[in-house]
Amino acid sequence: MTDNYPFLDLGKVNEPYREELVKAAVRVIDSGRFVGGTEVDSFEKMLGEMTEVPYVVGVSNGLDALRLILKGYIELGIMRPGDEVIVPANTYVASFLAISDAGLIPIPVDADIHTMNIDSALIEKAVTTRTRAIMAVHLYGRTAWDKTIADIATRHGLKIIEDNAQGIGGRATHPGLYGTRQTGSLGHAAAFSFYPTKNIGALGDAGAVTTHDPELAKTVRALANYGSDRRYHNIYRGYNCRLDPLQAAFLMVKLPHTDDENADRFERALAYSRTITNPRIVTPLMSQAVTDNVWHQYVIRILDGKRDFFVRQLAGHGVATDIHYATPPHLQPCYASLSHPALPMTEQLADEIVSLPIAAGTSVSDAADIARIINNITW
């Protein structure tokens, strides 16, 4: 009989919190306040205390968080349409979409084949007189931060914007602009996503912006609320990108458990890495510091062009997988006209990567079982 190893079961993810989530929903329903209010205020305070960032703005989702940061910098005169933002080529398309939506130009930099994050050694070559920011994407949960990135930003007067959609609770191992801190507090501003599949997920779309800059925070808050600084007074041509108080209430249930959730993912990642020995499989780097990677995904590489065969073999044993991401942004049809250098590592990764189950619902013993199934696959 074939065992069943689903990739992600959101029912099991949320089961431990069900009673508290129901209470939170009832609290919001009974309050009669369904836009803004104390739930959103309390969530912002909780996230700020967790990340040690003084300014937090709850917003509608992770993409809007990135868009609002960039639009905010434009409104403040720090950037203007046509300026460039350095971004990792190996990322989800949202990182690019936020840049181009603001009228800015994404400048992709190739990946480090080992970390799968931006290769910081290549960043300075991409800096021009039009460069205004570096977007550090903590892809798959691995912290994308080192002294090289911080030094380049300082030397060239660039903003560092963290795409922290997948990295909540991670920490940098090197001092940055503000010392060794959590992701979301390393750069000048950061975007969070609380999409239901994230390590800490809402029960719908939700996001947040964190920043050390009070003027940016004020601008982002206004932009997210129709561009208004007070009722019926619109200082910007803004948007409707507010955080739903119901989602804020749900997130306050789950946010205090961030470290525990990430520690559980680390144990599953460790089980995979210790058990997988198949020579055609490259497992991700395991860091000595647990918080260097919060393991939003456990991404392996399948060598010799055998990924499709490998995925079919796992499916035959009841193991569900996913690919994050099969087509990088610079090869998407919407960016066909984007000028970019050769990006061989990113394109190699896109051809080789497979994500294994790692969320709640996959136990440590499940991870070990899946690893043994992988070891028995022969080509």
Side-chain angles (χ1 to χ4, degrees), residues 43-44 46-59 61-63 65-66 69 86-88 90-92 94-95 98 112 115-118 120 123 133-150 153 159-195 197-201 206-213 216-217 251 254-263 265-266 269 284-285 287-299 324 358:
F43 163 74
E44 291 176 349
M46 182 181 286
L47 183 59
E49 289 174 350
M50 173 181 151
T51 57
E52 298 182 354
V53 177
Y55 305 102
V56 179
V57 182
V59 299
N61 56 64
L63 173 57
L66 283 173
I69 290 168
I86 291 172
V87 63
N90 188 42
T91 186
Y92 183 53
S95 305
D112 181 313
T115 67
M116 306 190 199
N117 277 332
I118 193 168
S120 57
I123 291 175
I134 301 169
M135 187 175 289
V137 181
H138 307 305
L139 193 67
Y140 310 140
R142 185 180 299 278
T143 304
W145 184 270
D146 59 25
K147 191 173 184 297
T148 299
I149 293 175
K159 299 296 185 184
I160 299 181
I161 300 166
E162 296 175 76
D163 181 340
N164 197 34
Q166 300 181 5
I168 188 169
R171 290 172 177 82
T173 55
H174 299 283
L177 298 176
Y178 302 98
T180 301
R181 302 169 65 104
Q182 274 201 32
T183 56
S185 67
L186 296 164
H188 297 89
F192 287 71
S193 170
F194 300 102
Y195 187 74
T197 61
K198 298 298 193 289
N199 291 28
I200 298 297
V209 171
T210 57
T211 182
H212 301 271
D213 183 345
L216 178 63
L251 287 169
K254 300 175 75 174
L255 204 59
H257 301 277
T258 300
D259 287 346
D260 290 339
E261 290 285 351
N262 290 344
R265 286 173 178 262
F266 174 81
L285 292 174
S287 174
Q288 292 182 347
V290 174
T291 52
D292 284 355
N293 192 334
V294 298
W295 300 101
H296 174 59
Q297 302 294 347
Y298 186 89
V299 181
H324 300 90
I358 195 167

Nearest-0.5 Å distance that lies between atom [atom1] in [X] and atom [atom2] in [Y]:
X: Glu162; Y: Phe192; atom1: CD; atom2: CZ; result: 7.5 Å
X: Tyr55; Y: Leu216; atom1: OH; atom2: CG; result: 11.0 Å
X: Met46; Y: Leu255; atom1: CE; atom2: CG; result: 6.0 Å
X: Arg265; Y: Tyr298; atom1: CZ; atom2: OH; result: 14.0 Å
X: Asp259; Y: Arg171; atom1: CG; atom2: CZ; result: 5.0 Å
X: Asp163; Y: Tyr92; atom1: CG; atom2: OH; result: 11.5 Å

Looking at [Y], is its backbone amide N or carbonyl O close enough to the side chain of [X] to form a donor-acceptor pair, meaning the two atoms are under 3.5 Å apart?
X: Thr148; Y: Ser120; result: no
X: His212; Y: Ser185; result: yes
X: Thr210; Y: Val56; result: no
X: Thr183; Y: Gly167; result: yes
X: Gln297; Y: Tyr140; result: no
X: Ser193; Y: Tyr195; result: yes

Matching residue for [X] among [options] - test: side-chain contact (heavy atoms from CB on, under 4.5 Å):
X: Pro88; options: Asn117, Ile118, Asp112, Ile134; answer: Ile118
X: Phe194; options: Asn61, Asn199, Ile168; answer: Ile168
X: Ile149; options: Ile123, Leu186, Ile86; answer: Ile123

Looking at side-chain heavy atoms only, is the closest gap between [X] and [Y] below 4.5 Å?
X: His188; Y: Asp213; value: no
X: Leu285; Y: Arg142; value: yes
X: Gln182; Y: Glu52; value: no
X: Gln166; Y: Lys198; value: yes

As a quick check of understanding, evaluate side-chain contact (heavy atoms from CB on, under 4.5 Å) for Leu66 and Met135, giving each step before the final call.
CA-CA 10 Å; Leu66 283 173; Met135 187 175 289; 3.9 Å; yes

Search all heavy atoms of [X] against all heavy atoms of [Y] and return the closest pair with its distance.
X: Val53; Y: Arg181; value: N-NH2, 4.2 Å
X: Ala217; Y: Thr211; value: CB-CG2, 3.8 Å
X: Pro284; Y: Val299; value: CD-O, 3.3 Å

